[in-house]
Amino acid sequence: MTLDTAFQIALGLAALFGGIFIRRLNQDIHDLGKAVERIRDEYQRREDARNNYTAMMDMMKELRTAIERIDNKLDRKADK
């Protein structure tokens with residue numbers, strides 16, 4: 001085995017392990033991209049949560065007003 005052949009084998013092994021490393025990095029990047037897409041689909045943004053909370057509170061206020069109106073009507077009916 002000559003020095004030239006040993007150098008070519010070492011260079012081939014370095015290229016092999018470099019390729020494996022780059023493939024693994026590429027797969028990790030792909031997996032992280034999928035995770036970001038999944039998070040974007042599954043979790044609610046803070047602004048959307050605030051809007052939903054505000055809408056829910058408005059509905060509860062309307063419901064409370066309606067219940068108070070019914071309660072007042074029942075009180076007037078009971079007083080007669």
Side-chain angles (χ1 to χ4, degrees):
M1 183 190 273
T2 64
L3 185 60
D4 188 38
T5 307
F7 183 71
Q8 287 179 356
I9 291 173
L11 191 59
L13 288 174
L16 173 71
F17 290 125
I20 291 171
F21 180 71
I22 290 174
R23 180 181 289 164
R24 179 177 278 171
L25 285 177
N26 191 15
Q27 184 63 37
D28 289 344
I29 290 170
H30 187 264
D31 292 343
L32 287 173
K34 283 186 176 182
V36 167
E37 288 178 19
R38 185 180 52 82
I39 288 170
R40 195 176 295 145
D41 290 340
E42 291 179 4
Y43 292 98
Q44 187 178 36
R45 292 183 342 185
R46 183 175 292 162
E47 182 180 324
D48 293 340
R50 186 177 298 125
N51 290 340
N52 290 344
Y53 177 77
T54 304
M56 183 180 67
M57 291 304 291
D58 291 342
M59 290 172 144
M60 289 177 71
K61 287 176 185 176
E62 291 174 10
L63 182 63
R64 182 176 181 172
T65 303
I67 290 173
E68 286 176 354
R69 194 173 60 234
I70 292 170
D71 187 43
N72 289 337
K73 286 181 181 181
L74 289 173
D75 284 345
R76 279 187 270 139
K77 187 78 166 176
D79 290 342
K80 289 183 179 182

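Values below: every heavy atom of this structure, side chains too, minus hydrogens, waters and symmetry copies. The residues of the chain are indexed from 1 along the displayed sequence.
- R45 CZ to N51 CG: the interatomic distance, rounded to the nearest 0.5 Å, is 9.0 Å.
- Atom CG of N26 is separated from atom CG of D31 by 9.5 Å, given to the nearest 0.5 angstrom.
- A distance of 9.5 Å separates OG1 of T65 from NZ of K61, quoted to the nearest 0.5 Å.
- Atom-to-atom distance recorded for M60:CE and L63:CG is 7.5 Å, nearest 0.5 angstrom.
- Atom CE of residue M59 and atom CD of residue E62 lie 7.5 Å apart, to the nearest 0.5 angstrom.
- In the displayed structure, L3 atom CG is contacted under 6.0 Å by at most 12 heavy atoms of other residues, nucleotides or ligands.
- In the hydrophobic cluster analysis, where Ile, Leu, Val, Met, Phe, Trp and Tyr join through side-chain heavy atoms closer than 4.5 angstrom, I9 is grouped together with F17.
- With rounding to the nearest 0.5 Å, the separation of CG in L32 from CD in Q27 is 10.0 Å.
- A donor-acceptor pair shorter than 3.5 Å cannot be found between the side chains of E68 and N72.
- Residue I22 is not grouped with residue L16 when hydrophobic side chains (ILVMFWY) are merged at heavy-atom distances under 4.5 angstrom, including chains of intermediate members.
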